[in-house]
Structures are given as structure tokens and as C-alpha cells.
Amino acid sequence: MAKQHVTTSINGNATEFLCDTHQTLLEVLRDELYMTGTKEGCGTGDCGACTVNVNGRMMCSCLMLGAEAQGKSITTIEGIANGEKLHLLQKKFIEHAALQCGICTPGMIVAAKTLLDNNKNPTEEQVRYWLAGNLCRCTGYNQIIEAVMDAAKELRGA
Amino acid sequence: MSAVVTEKKLKVVGTRPDRPEGVPKVTGTAQYGADWNLPGMLWGKILRSPHAHARIRKIDTSKALKLPGVKAIITGADFPEQKFDYVGAARVALNFWHITRNIMAREKVLFEGHPLAAVAATTPAVAAEALKLIEVDYEVLPHVIDVDEAMKPDAPLLFEDMIPRGYQPEATQPSNISKRVDFKLGDVDAAFATADEVVEASFRTAPVHQGYIEPHACLVRTDADGQAECWSSSQGHFAVRNLTAKIVGMKVGDLRCHAAEIGGAFGGKTVVYVEPVAVLLSKKSGHPVKIMMTREEVFKATGPTSGASMTIKIGVMRDGKIVAAEGIFKYQAGAFPGSPVMNGCMCSFAPYDIANVRTTGYDVVCNRPKTVAYRAPGSPISAFAAESTLDLAARKIGMDPVQFRLKNIAKPGTPTVFGTKLNFNGFAETLQALQKHPGYTAPLGKNQGRGVAAGYWFNGAGESSAVVSANEDGTVVVATGSPDIGGSRASTAQMAAETLGIPYEAVRPIIADTNSVGFTQTTGGSRVTFATGMTVINACNKVIAEMCVRAAKIWKIEPENVVWEDGSARPAGKRAGEFPPLSFREIASKRTATGGPISASATMNAEGQAPGFTAQFCDVEVDPETGHVKILRFVAAQDVGRAIHPSYCEGQINGGVVQGIGWALNEEYIYDKQGHLENPGFLDYRMPVASDLPKIEPILVEVPNPNHPYGVKGVAEANIVPPMAAVANAIHMATGKRLTDLPMSPPKVLAAIDATG
């Protein structure tokens with residue numbers, strides 16, 4: 001079957017790619033564009049490791065077809081830092097030891113950034129529920145929640 | 001043994017610096033098992049059995065081979081035969097006849113998901129299409145899933161010729177019981193007869209998966225001269241190398257293995273599944289081959305740890321002294337022998353000073369995936385039974401559960417059921433720290449309960465290698481063979497910086513491949529910060545000795561009159577005060593003029609590890625309408641020896657406790673009548689998520705290990721041992737009902753609440 005030609009924006013860069021109609025956005029990112037920062041943990045939308053931001057909304061990239069990226073604006077973990085300048089969330093994740101193995105971290109950070117883009121002053125409970133779709137097996141979540149709360153506080157200038 | 005460093009103030013050890021590989025992990029550039037690619041690479045996929053138990057009559061790959069894009073297909077026939085022999089210490093013995101059949105089935109498939117062929121093709125889609133074209137003729141056989149069922153004389157046999165080991169007199173009839181083990185201390189029967197009270201209960205646990213978020217993945221390239229190179233996600237790339245070389249029949253020196261960044265493991269990545277398959281596919285096709293498991297494959301064919309059926313009996317005096325304890329532990333091994341039942345027998349009563357103990361274990365095969373290590377393998381299972389029964393005993397005599405444990409706690413000199421004596425302090429201190437937590441005496445509300453449990457784990461030591469090299473600007477590269485799962489790059493860099501007297505930021509820790517550093521055992525058994533850490537310290541001390549020699553050359557004095565203090569060489573003895581000190585950086589910058597590169601390696605087979613001990617309490621609230629158990633508070637005290645990086649010690653405790661909460665409340669394998677796993681995904685295999693949990697409260701207890709220069713004890717595993725019993729004990733207090741069957745999911749809790757009596 002002929003491949004789909006897709007024109008999209010990834011991390012602010014105009015991007016074109018060819019993909020099979022069955023390929024997920026996750027597969028396109030990882031296997032066609034070699035952007036391996038977005039991780040596959042389950043392929044069924046249950047773990048959040050492949051979380052990306054699509055037009056301002058949090059998405060599991062394994063649940064979206066590559067072809068559906070047409071005309072969309074996508075942010076992946078590779079687009080969170082500004083060059084060598086880390087995003088505050090990235091700094092706070094390191095500072096709070098909010099990662100051990102780190103495989104859930106890209107998805108966690110993209111998800112947390114989407115939260116803070118929409119809610120500068122989340123409660124701990126809101127953070128816990130917002131990140132409930134992002135599994136972490138190493139940390140027990142304590143330090144992740146602390147990192148996000150601390151980043152929110154600093155972003156508010158509190 | 002050198003004394004623990006306490007006399008001077010530590011500058012780096014005990015602080016919380018940023019981890020060295022933090023930036024790659026938060027920006028997405030860290031390369032995990034599935035993140036490696038090579039030009040011309042093929043995609044490997046594995047055909048898996050749809051049956052729980054069947055004889056393989058024939059595998060026909062001819063149609064699949066004709067599919068355009070298919071470059072190679074292998075089956076069990078492509079692997080060399082292995083000798084039937086149990087090799088290594090009994091606790092961790094390997095049998096390659098079994099291992100090769102777990103990687104690729106031969107005569108029979110023994111569980112749903114058992115691999116029996118593999119394809120390499122130009123795209124994942126072609127490889128998946130090719131799997132559908134492989135024709136397998138099966139003779140489906142009766143299967144057995146449950147451990148008690150599998151032990152019955154009329155159970156379907158996985159191995160028709162397997163005679164149980166460990167019986168006196170020797171067993172003669174084949175059985176699914178692979179092995180019986182038993183341990184004895186004192187005279188148990190006589191002691192039970194003297195006890196004021198005897199409590200007895202039976203328990204069941206479900207198999208649970210390690211649940212690492214990264215599925216198994218590897219990339220392999222091979223050369224026409226027989227050399228091969230492998231990038232894979234594992235707890236030990238030396239283990240990957242040695243196991244893979246043996247399984248595919250190549251020389252160890254011909255296989256170079258790299259440690260990819262590892263996305264969680266918890267024991268589950270101490271073995272190989274995909275690496276030998278990728279090597280043979282690459283050899284056969286002449287292309288690099290990448291294999292990535294799906295989550296469904298991970299659930300059906302890797303891990304888990306055993307489910308078990310157990311009975312515990314404890315005899316106590318009214319003053320709280322435990323006089324006798326007995327445990328019978330039946331552990332599922334999965335499709336091949338080798339459950340951690342021996343660990344369960346050894347650890348169950350190890351925290352306590354009990355004069356009369358008997359534990360008996362059974363290793364039982366059944367038609368499930370072969371079990372693999374999971375965090376303190378074996379200990380959490382037997383501890384659920386033992387610590388639940390201890391709670392029953394404390395209730396029976398009306399004693400506070402922490403006080404009861406303190407009265408019986410093991411101390412240096414206490415004998416264990418496995419023959420050795422406890423050599424370390426820390427158990428009592430940990431219980432006391434838990435007891436002092438203000439939450440322990442806080443009032444509880446309606447439907448709420450508080451449960452206490454403790455846990456023991458051996459901790460490991462063993463073989464490690466390290467190379468420490470000084471650069472001309474005073475920075476240092478520390479190369480070890482230990483993959484970093486939970487922060488060991490940070491802890492080894494801290495110990496190197498502390499030893500050398502240089503800033504933490506000047507140390508760059510790396511994990512060298514198998515051709516670049518000496519053999520190093522797998523990251524497991526909470527051994528790395530202890531054993532690899534000590535090896536790094538030894539290499540640093542050699543570098544310091546060389547630095548002193550170089551300073552002597554610069555000063556033109558005798559090396560014995562140079563000492564190393566606070567990161568600088570100083571003239572000493574009769575030369576004291578003759579020259580200003582030379583810093584690490586100053587000496588490093590003069591390396592060419594003073595004798596060339598400054599680099600030292602160290603290797604050791606470390607000993608002297610201290611066991612891990614933890615004591616925990618949790619508060620729960622049970623919803624009497626639904627049976628749902630909410631964790632309100634979880635406090636975990638653990639003896640860490642000395643916390644090199646306290647944040648990562650706390651992280652280990654938090655993570656272990658939360659895995660234990662999942663084990664206690666949600667996680668289980670659900671099989672249908674045909675032996676098919678019904679929940680092979682994260683939606684239905686329900687691990688704890690952020691909104692399920694309170695903030696876990698870790699307490700670091702620091703009773704230094706005298707056998708390590710900085711007092712390290714392993715911290716990664718003991719924490720998962722008590723939570724299942726702690727939660728069950730709390731539910732008992734909240735409801736008056738004893739839950740003995742894991743997981744304590746809402747239907748079971750509700751049934752217990754509704755049961756009369």
C-alpha cells in the first residue's frame with residue numbers, strides 16, 4: 001500500500017514524513033524520525049510513557065496514527081528544553097531525584113508541563129490525578145509529585 | 001578490614017547532588033534498549049505458543065520464508081543442545097537444558113507465550129505477517145496452573161521424567177515438584193509442646209510481575225568472522241554476554257555487550273530472552289537485528305515471581321517470647337524449576353531470635369512463565385505468611401506488635417535457621433525508630449486500622465571491577481561494569497570524590513562495555529553501592545598512591561615522605577613543611593613529565609555485606625460497602641548503613657513499598673480455564689498509580705556496616721518484604737477479619753467482611 005505523506009509541526013519545526021497507514025505516531029517518531037526520547041511502555045495507552053502534546057492536549061502517541069499528525073502541532077520531550085537551557089520541570093525532576101531508571105520521565109515531564117500550562121496552582125491531589133495515567137514503577141511517585149509542585153511554585157514566582 | 005570512616009567530616013558522602021546522567025534522562029537523549037538502530041537493520045519478532053501445554057509435532061516455516069522481506073527464520077533446532085545439569089550455588093543454580101528451552105521451545109510448549117520460532121524481516125509489519133505464515137502442528141495436553149493442584153499425584157506432568165530432588169529416602173516417582181528443601185534449628189516439636197499459645201494459619205499469594213515500564217529490547221550485529229556486538233537493556237551486560245554466548249554456542253570473547261540505559265528491572269532483567277534469538281537471526285541473515293517485546297509478551301513470557309501456598313505455626317509464651325516457629329512454603333517455579341523458595345525458607349523468621357525453627361520448601365513447576373528474581377526474591381512471599389501469623393500471635397497474647405517484635409529481635413550472635421549467626425546491629429534500632437514515629441500512636445477513625453510488619457533480606461556482594469583515570473584538568477573518569485538502575489552512578493561518583501578529595505562534579509562515572517572493564521556481576525541483590533562502590537574506592541586509593549609518587553618526583557623527595565590529605569599531596573615526616581601542597585589537579589596536569597597516564601584498576605570479590613532490615617507500619621481505611629482498601633499512611637524505617645545519597649535511598653524505600661502495596665491490594669495473574677492469561681496489560685494488571693497513594697514516609701536508620709569504608713548496607717530490596725503483611729494486619733485491625741489470600745482486592749475484602757464469625 002502506498003505510504004501517506006504527512007506535513008506537521010514537531011517541536012516548532014515544520015516536518016514532513018512518509019508513513020504506513022497503520023503506523024502510530026509513536027512508531028513514526030521512534031522508527032521513522034529517530035526521535036527515541038518518546039518511550040513505548042505498553043502500546044495500548046495504559047502507561048503514559050509515550051505521552052506527547054498535540055495542539056495543547058496531552059496524548060498517548062501510541063493511540064494516535066502517524067497520519068493523524070497532519071496539520072497538527074506536536075511537542076515531544078525533545079522540545080521541552082530550550083537548547084541547552086532546561087525547562088524548570090526538567091531541573092526540578094533532577095533536583096528532587098524524581099527519576100530512578102528514567103523510562104517514564106519523558107512522558108511524565110510532557111504530562112506535567114501540559115498540566116502547568118493549564119493550571120499554575122495545582123493542589124497535590126490534582127497533580128496526583130493528572131499524572132494517574134503515567135506509570136512509574138521505581139519511585140512510588142513521592143519525588144515526582146514534589147518536583148511538579150515545586151516547579152509550579154517557582155513558575156508562579158511564589 | 002578498614003574501619004568505617006567516622007573520624008572526619010564527610011564532604012560528599014551523605015549529600016544530595018544531581019545525578020550524573022540526569023540531563024540525558026530528562027531531555028530524552030538517554031538510550032534505552034529499544035533506542036539503538038543501525039543501518040541495514042532488520043526487525044525480529046517471536047512466534048509464541050497459544051497453548052498452555054502442548055507437544056510440538058511439527059513446525060513448517062516454508063511459507064513464511066517465501067514472504068518478500070523475510071531474511072531469516074529460526075526455531076529451537078538452530079540452538080545447540082545443552083547438558084542437563086544444575087550448576088552453581090543451590091540458591092541460584094542454573095540448568096542450561098532448561099534455559100535454552102525457555103528461550104525457544106523444542107519438544108513441548110509449557111506455557112501460553114512460550115517462544116517456538118523467530119523471524120527477521122525488513123519491517124516490523126513484514127515480520128508480524130511472517131509469524132502468521134508459520135504452521136505449527138500441536139498436540140494439546142492437559143495443563144496445570146495452581147501450585148497445590150500441580151503437586152497432586154495425578155496432575156499433568158510438565159516433565160515426564162522429573163524425579164523430585166531433596167527427599168530422604170530419595171523419591172522415585174516423577175512429579176511437578178522439582179525440589180524439596182528444609183532447614184532446622186533446635187527441637188521444634190518439643191518447643192511447641194511448651195508454648196503457652198500456638199497460632200497456625202495458611203496463606204496464598206498470587207504471582208506478580210516486576211512491572212518495569214521498559215519492555216525487553218536489544219540490538220545485535222554480527223560479523224562474518226564470528227564476532228558479535230549487542231546493545232541491550234539488562235541488569236548485567238556481563239551476564240548477558242556469558243548466558244548468550246553459552247546458549248548460542250560462541251566464545252565469550254567474541255561477544256561484546258553494551259549496557260543500554262535500563263528502564264526498570266527489579267530482578268526481571270537478570271536473565272536473557274531476546275539476545276540469543278537476535279544473535280542467531282543476525283548470524284543467519286547477515287544483518288543487524290533488533291527485537292522489542294510488546295507489553296503482552298512481557299506479561300506472558302517474562303518474570304513474574306512465584307505465587308505460593310503456605311502454612312505457618314508459631315508458639316509463644318504469655319510474656320511475648322517466641323519459642324517455636326514452623327513454615328511450609330510451596331512456591332510456583334513456572335514452567336521450569338527454580339523458584340526462590342529456598343530464600344523464602346531462609347528469610348521468613350530471620351529477623352527474630354527463635355531457638356526452634358523448621359522451614360520446608362517445595363519448588364513446583366506449572367504451566368506459567370518461568371519465574372525470575374523480583375526484589376528480595378522469595379522473601380516477601382514467605383514474610384506475608386510469617387509476619388501475618390506473628391500479628392495473630394501478638395493479638396493472642398495482647399501485646400503491641402512492635403513491642404512483640406522488639407522482644408524477639410535478632411541481635412549479633414543470634415543463630416539463623418540456615419546455620420550462620422547474625423553479625424550486624426541495626427534490627428532493633430530500626431524497630432525503635434519506627435516505634436518513635438509520632439504516627440504510630442496517632443488515633444484512628446472508624447473503619448481504620450494500623451498494621452506492622454518487618455522484613456529481612458540477605459543483600460549481596462560479589463565480583464566487581466573498576467577503572468579510575470585522572471585527566472589533565474583534574475577531572476576523573478570512573479568506569480565500572482555495573483548498570484545503573486536506581487542511582488548507582490551518583491553513589492559511586494560520590495564515594496570516588498570523597499576518597500580522592502575532589503569535587504563531585506569532577507567525577508564522570510560511566511558503565512563500560514564487556515571489552516572495556518573487568519568482569520562485574522549483575523546489578524542485583526542490593527550489591528552495587530556496597531561491592532562496586534568498594535572496588536571504586538580501592539581503585540581511587542591506588543590513584544592516590546600514584547599521585548603521591550608523582551608529587552615526590554616533582555619535589556625530588558622520597559615517596560614515603562608524601563601523604564595525601566584533603567585532596568592534596570603534602571610533604572610529611574622529615575620533609576614536612578618543605579613544600580606547599582600539590583593539588584590533585586596540579587599533579588594530574590604534570591602527568592607527562594612525571595611518568596605518563598595516571599590510571600588504576602581494581603577488581604574484587606567483595607565480602608562482608610550486611611543484611612537489609614526494615615520495619616514498617618501502615619494505616620488503612622476499609623470501605624465496608626465496597627471492600628476497597630485505601631492506604632492512609634505508610635511509614636517505612638530501614639537500616640541503610642550509611643546513606644551515600646539519601647534521596648536515592650529514600651527513593652528505593654518509596655518504590656519498594658509501593659510495589660508491595662500493589663502486591664497486597666491489586667496485582668495478580670488471572671487465567672482462564674484453558675490456561676490463557678486474561679490480563680496481559682497494564683489496564684487489567686493494575687499497578688499503583690499516583691492517585692492511589694499517600695506520600696510514603698521513609699525513615700533512614702544509619703547503623704554503619706563496619707566492613708565498608710563508608711558504612712554502606714544494601715538498600716534496594718528489604719523494603720518490599722513487609723508491605724503485604726503490614727496491609728493485611730491493618731485490615732484485620734480495621735475489620736476484625738484476617739485476609740490470607742493475595743491480592744486483598746475489594747471482592748475478597750467484602751467477602752471477608754460479610755462472612756459470619
Side-chain angles (χ1 to χ4, degrees), chain A residues 20 22-23 27 30-31 34-49 76-78 80-81 86-87 89-91 93-107 109 124-125 127-146, chain B residues 16 18-19 21-32 34-37 123-125 210-215 261-266 292 294-296 484-487 490 645 647-648 650-659 661 681-683 687-693 695-696 698:
Chain A
D20 288 324
H22 62 76
Q23 275 182 300
E27 288 166 336
R30 292 182 52 83
D31 302 340
Y34 298 104
M35 296 175 69
T36 56
T38 305
K39 304 303 179 190
E40 177 178 324
C42 68
T44 50
D46 300 318
C47 79
T76 70
I77 186 63
E78 288 93 343
I80 300 293
L86 295 183
H87 186 275
L89 271 168
Q90 293 171 311
K91 279 191 206 158
F93 265 63
I94 297 174
E95 195 180 307
H96 285 269
L99 51 138
Q100 284 176 32
C101 84
I103 195 83
C104 73
T105 307
I109 286 176
E124 179 180 328
E125 191 177 23
V127 175
R128 284 188 179 271
Y129 275 87
W130 183 271
L131 295 178
N134 290 75
L135 291 177
C136 169
R137 192 62 156 171
C138 294
T139 65
Y141 304 102
N142 271 18
Q143 288 141 310
I144 293 172
I145 306 301
E146 284 167 13
Chain B
R16 302 174 186 246
D18 289 352
R19 62 194 297 158
E21 83 295 6
V23 169
K25 284 183 172 172
V26 299
T27 54
T29 59
Q31 283 189 283
Y32 293 81
D35 298 341
W36 302 83
N37 295 292
T123 70
Q210 295 81 350
Y212 35 82
I213 309 298
E214 179 202 28
E261 205 61 66
I262 175 169
F266 316 106
M292 290 166 54
T294 63
R295 178 56 52 184
E296 183 174 337
D484 175 4
I485 312 181
H645 192 306
S647 297
Y648 289 106
E650 290 158 0
Q652 288 297 328
I653 295 172
N654 297 339
V657 164
V658 168
Q659 285 183 317
I661 291 172
F682 283 141
L683 187 63
M687 307 198 312
V689 303
S691 55
D692 294 336
L693 300 162
K695 188 176 182 301
I696 310 301

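Predicted model, so just to flag it, every value in this text is computed and none were measured. Order of the sequence lines fixes the chain letters, A, B, ..., with proteins taken first and strands second; residue numbering starts at 1 for each chain.
For the pair B/Phe682 and A/Cys47, the tightest heavy-atom approach, listed with the atom from each and the gap, is CD1-CB, 3.7 Å. Between A/Gly41 and B/Pro215 the shortest heavy-atom distance is O-CG, 3.8 Å. Nearest heavy atom pair, residue B/Gln210 against residue A/Arg137, reads O-NE, 2.8 Å. Contact between A/Gln100 and B/Lys25 at its shortest, heavy atoms only, is O-NZ, 3.0 Å. Between A/Ile77 and B/Val26, the shortest heavy-atom contact is CD1-O, 3.2 Å. Of all heavy-atom pairs between A/Ala49 and B/Ile213, the closest is CB-CG2, 4.2 Å.
For A/Ile145, the part lying near chain B is the side chain, with the backbone staying farther off; criterion is any non-hydrogen pair under 4.5 Å. Contacts between B/Ala34 and chain A at a heavy-atom distance below 4.5 Å involve backbone atoms as well as side-chain atoms. If you measure heavy-atom distances from A/Gln90 to chain B, the contacts under 4.5 Å come from both the backbone and the side chain. Only the side chain of A/His22 comes within contact range of chain B, judged by heavy atoms closer than 4.5 Å.
Between A/Trp130 and B/Ser691, the closest side-chain pair of non-hydrogen atoms is not below 4.5 Å.
The residues A/Lys39 and B/Asp35 are annotated as salt-bridged, a charged nitrogen and a carboxylate oxygen being separated by less than 4.0 angstrom.
When atom types are taken as modelled, the side chain of B/Glu214 and the backbone of A/Cys101 share no donor-acceptor pair closer than 3.5 angstrom.
Applying the ring-ring contact (aromatic ring centres under 6.0 Å, His included) criterion to A/Phe93, with sequence neighbours excluded, gives no partner residue.
To the nearest 0.5 Å, atom CG of residue B/Leu693 and atom CG of residue A/Asn142 are 8.5 Å apart. With rounding to the nearest 0.5 Å, the separation of CD1 in A/Ile94 from OG1 in B/Thr27 is 8.0 Å.
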